[in-house]
*Asks:* 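Take a look at this one; I'll ask things after.
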Amino acid sequence: MDLESLNEQFLNYQLLLEEDIPAEVKEVAKCAEDDPHYRIDILWGYLKGVKKPGTNSLEFDLLFRVAEVVMTIPHSNAGEERIFSLINKNKTPSRSSLELNGTLFSLIVVKTHIQDPLNWQPSRCLIEKAKKSTKLYNDKHK
């Protein structure tokens, strides 16, 4: 990416005046009647199509591409941190033999897919299948 052109586009963006954006765009982008703020996605939607004066090329094409990349970066990794916390809570010194690709993985999957795991009641059918599987496993590993 041409950093000089990007810098120029950023300066032009900073120099935009309130009247450079049409009233109808600002009206659609208004958050609330008495709120002075605008929805940035609508303003950027307009700015994406602004052409340089006297040419057919876009005014903010590079800046828009950078903004798209920045906006796709997750603002939080709380979900991943919750998974690590769940693993630490389940793989304790007294349960050190839990394998990541085995029982530990299954526990994490169940705990992350059940809305209220503390009050979850498995169906009778599920309990029967679990008991059958356990019996088959134990019979094979005697």
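Index from 1, following the sequence.
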*Asks:* Walk me through whether V66 and L6 qualify under side-chain contact (heavy atoms from CB on, under 4.5 Å).
*Replies:* CA-CA 9 Å; V66 170; L6 178 62; 3.9 Å; yes
*Asks:* Do any N or O atoms from the side chain of T134 and from the backbone of A130 form a donor-acceptor pair under 3.5 angstrom?
*Replies:* yes
*Asks:* Can you pull out every salt bridge (charged side-chain N to carboxylate O under 4.0 Å, His left out) where at least one residue sits in residues 118-136? Sequence neighbours excluded, please.
*Replies:* R124-E128, K135-D139
*Asks:* What residues form a side-chain contact (heavy atoms from CB on, under 4.5 Å) with R95, not counting sequence neighbours?
*Replies:* N90, T92, L98, L107
*Asks:* With a 4.5 Å cut-off on side-chain heavy-atom distances among I, L, V, M, F, W and Y, is there a chain of contacts connecting L58 to F10?
*Replies:* no
*Asks:* Hey, are the side chains of F60 and N12 touching, using non-hydrogen atoms and a 4.5 Å cut-off?
*Replies:* yes
*Asks:* Work out which heavy atom in T72 is nearest to a heavy atom in V69; give both atom names and the distance.
*Replies:* OG1-O, 2.7 Å
*Asks:* Under 4.5 Å between any side-chain heavy atoms of R65 and L62, yes or no?
*Replies:* yes
*Asks:* If only atom types and distance count, is the side chain of D20 paired as donor or acceptor with the main-chain N or O of L17 below 3.5 Å?
*Replies:* yes
*Asks:* Got a sec, which residues hit side-chain contact (heavy atoms from CB on, under 4.5 Å) with F105, two or more places apart in sequence or on another chain?
*Replies:* V109
*Asks:* Quick one: does any side-chain atom of Q9 pair with a main-chain N or O of L63 as donor and acceptor, under 3.5 Å?
*Replies:* yes
*Asks:* Is the ring pair W44/Y13 parallel, tilted or perpendicular, if the boundaries are 30 and 60 degrees?
*Replies:* parallel
*Asks:* So with a 6.0 Å cut-off around CD of Q121, is the heavy-atom count from everything else above 12?
*Replies:* no
*Asks:* For Y137, what residues pass the ring-ring contact (aromatic ring centres under 6.0 Å, His included) criterion, not counting sequence neighbours?
*Replies:* H141
*Asks:* Test your reading of the model: is there a side-chain donor-acceptor pair from K26 to the backbone of Y38, 3.5 Å cut-off?
*Replies:* no
*Asks:* What pairs meet the salt bridge (charged side-chain N to carboxylate O under 4.0 Å, His left out) rule with one or both residues in residues 39-58, with sequence neighbours excluded?
*Replies:* R39-D41
*Asks:* I need the minimum non-hydrogen distance between I42 and V25, along with the two atoms involved.
*Replies:* CG2-O, 4.3 Å
*Asks:* Working to the nearest 0.5 angstrom, can you tell me the gap between I108 CD1 and T103 OG1?
*Replies:* 11.5 Å
*Asks:* Quick check for you: to the nearest 0.5 Å, what is the distance between K91 atom NZ and L86 atom CG?
*Replies:* 14.5 Å
*Asks:* Who else is in the cluster with V110 when I, L, V, M, F, W and Y are joined by side-chain contacts under 4.5 Å?
*Replies:* I114, W120, L126
*Asks:* Could you tell me the separation between the CG atom of N77 and the CZ atom of R82, rounded to the nearest 0.5 Å?
*Replies:* 10.0 Å
*Asks:* In Å, rounded to the nearest 0.5 Å, how long is the span from CD1 of I83 to OG1 of T112?
*Replies:* 5.0 Å
*Asks:* Would you say V70 ends up clustered with L3 if hydrophobic residues are merged whenever their side chains have heavy atoms under 4.5 Å apart, either directly or through other cluster members?
*Replies:* yes
